[in-house]
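These numbers come from a predicted model, not from an experiment.
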Amino acid sequence: MNKVTIIGAGNVGATIAFTLTVGGIASEIVLIDINKGKAFGEAMDIRQGTPFCSPCFIYAGDYPDAKGSDIVIITSGVARKPGQSRLDLAQINVDITKKIIPEITRYAPDATYIIVSNPVDILTYTFCKCSGIPEERIIGSGTLLDTTRLRARLSQIYSVNQQNVHASVLGEHGDSSFIPWSTINLSNVPIAEVHKTLARPEKPAEPLNYDEIEEYVRRSGGIIIENKGATFHAISICVAHLCRCLFSGIDTTLPVSTMMHGEYGIEDVCLSVLTVVGNGGVKGKMLLPLTQEEEGKLRKSADCLKSIINSITI
């Protein structure tokens, strides 16, 4: 029995619950929200579709109902408002997270925790420092979403299956993230060589404009918000995939945010590098052979996050 508790029944939390249900990933889902009516309505709406899904019991509850959870997903927090600084948002959501931590860890001390709320790297760090939960059971969604945006874009450019694209975005889930182009390949062909080797007469491949693609990945969230008001489908698919990997008996490498302990010369900050996850949480890290320039970008991203950590109260 795979039990998942989701804290926050807004667009992201509710869509994660829906995705877990339709994907047959969880057999029991608890939705917890300060707005109990919203959690009740979302759970009822999803539950009434379960006769056509794998068996799943989904319901609204409170913290005691999280007892026995295998995974707890944190999506609660406030969204950034126009004119609000990232620093202001960070402090508000850190304070919200610190109120949630003792409530949920009391009832689910053995769960693996997935942090989705933003700024995700700062909140993952907060959870590591304040919860008492072992670090290997605290995972931020990090650049998993940025990575799927990158893979989807490269797949679109080359008109190939998304699963043939092997690529990751590293660093902060934010402005200082970067794409380590030296590590990216399409069906084992280095990305810089694909335009020379992809023989498709009706659609010749062109060299990539790296800057344009990085801009696309960074701006995707803003474009979606501008057009539909919020982003929640893609992140929900990402988090559901992470849950599937955590329930699996086979370890998987994913770019997620975890505490750094000297990897690439970076310590005491949470950011995304390729991480080995499986049943029970983080099993280790896969240290990609980055170029000197790419390592510099990763350390710069770490410094950006540390400057925020040093400017707020955790």
Side-chain angles (χ1 to χ4, degrees), residues 1-10 12-33 39 42-43 46-47 50 53-77 97 100-117 120 123-124 126-128 130-142 144-145 232 235-259 270 272 275-283:
M1 190 166 179
N2 296 335
K3 181 174 180 178
V4 178
T5 292
I6 302 170
I7 300 179
V12 173
T15 309
I16 290 172
F18 173 81
T19 309
L20 291 172
T21 304
V22 173
I25 297 168
S27 54
E28 182 177 352
I29 300 172
V30 186
L31 272 177
I32 299 174
D33 197 285
E42 293 289 1
I46 296 169
R47 186 171 63 249
T50 55
C53 303
S54 296
C56 180
F57 181 38
I58 176 169
Y59 56 97
D62 214 329
Y63 290 109
D65 297 297
K67 185 177 180 180
S69 293
D70 300 290
I71 295 173
V72 174
I73 302 169
I74 312 290
T75 72
S76 51
T97 299
I100 290 169
I101 285 172
E103 297 289 341
I104 186 61
T105 56
R106 179 187 315 166
Y107 297 103
D110 299 320
T112 297
Y113 284 79
I114 299 175
I115 316 304
V116 183
S117 310
V120 65
L123 299 184
T124 304
T126 300
F127 220 93
C128 286
C130 300
S131 69
I133 300 295
E135 287 176 1
E136 63 268 20
R137 289 197 277 113
I138 301 171
I139 303 171
S141 56
L144 198 53
L145 175 58
F232 45 87
I235 184 59
S236 300
I237 293 171
C238 290
V239 173
H241 178 70
L242 176 54
C243 289
R244 185 185 290 113
C245 293
L246 290 170
F247 284 133
S248 171
I250 301 175
D251 293 346
T252 305
T253 56
L254 294 171
V256 290
S257 186
T258 58
M259 185 66 77
C270 292
S272 291
T275 303
V276 183
V277 301
N279 196 273
V282 175
K283 303 301 182 71

Could you grab the distance from atom OG1 of T275 to atom CD1 of I139, nearest 0.5 Å is fine?
8.0 Å
With a 6.0 Å cut-off (strictly less than), is the heavy-atom count around CZ of F18, excluding the residue itself, greater than 12?
no
Nearest-0.5 Å distance, CD1 of residue I25 to SG of residue C243:
6.5 Å
When you compare the side chain of C128 with that of C270, does any pair of heavy atoms fall below 4.5 Å?
yes
One should read off an interatomic distance between L144 CG and I235 CD1, to the nearest 0.5 angstrom, of 6.5 Å
What distance separates Y63 OH from I104 CD1, expressed to the nearest 0.5 Å?
6.5 Å
Does T75 use its side chain to pair, donor to acceptor, with the backbone of G8 at less than 3.5 Å?
yes
If I compare all heavy atoms of T252 with all of I250, which pair ends up nearest, and what's the gap?
OG1-O, 3.5 Å
Under 3.5 Å, is there a donor-acceptor pair between the side chain of R137 and the main chain of A111?
yes
What distance separates I74 CD1 from I101 CD1, expressed to the nearest 0.5 Å?
8.0 Å
Partner of V72 under side-chain contact (heavy atoms from CB on, under 4.5 Å), chosen from I6, T5, I114
T5
Pairwise side-chain contact, K3 with V30, heavy-atom cut-off 4.5 Å (strictly under):
yes
Given 3.5 Å as the limit, does a donor-acceptor pair link the side chain of S117 with the main chain of S76, or not?
yes
Donor-acceptor pair, distance only, cut-off 3.5 Å: does the side chain of N2 make one with the backbone of S27?
no
Quick one: list whatever passes side-chain contact (heavy atoms from CB on, under 4.5 Å) with P64, sequence neighbours left out.
D62, Y107
The reported gap from CD1 in I29 to OH in Y59 (rounded to nearest 0.5 angstrom) is 10.5 Å
Any residue meeting side-chain contact (heavy atoms from CB on, under 4.5 Å) with K67, in chain and number order, not counting sequence neighbours:
none
For T124, side-chain hydrogen bond (donor to acceptor under 3.5 Å, both in side chains) partners two or more places apart
none
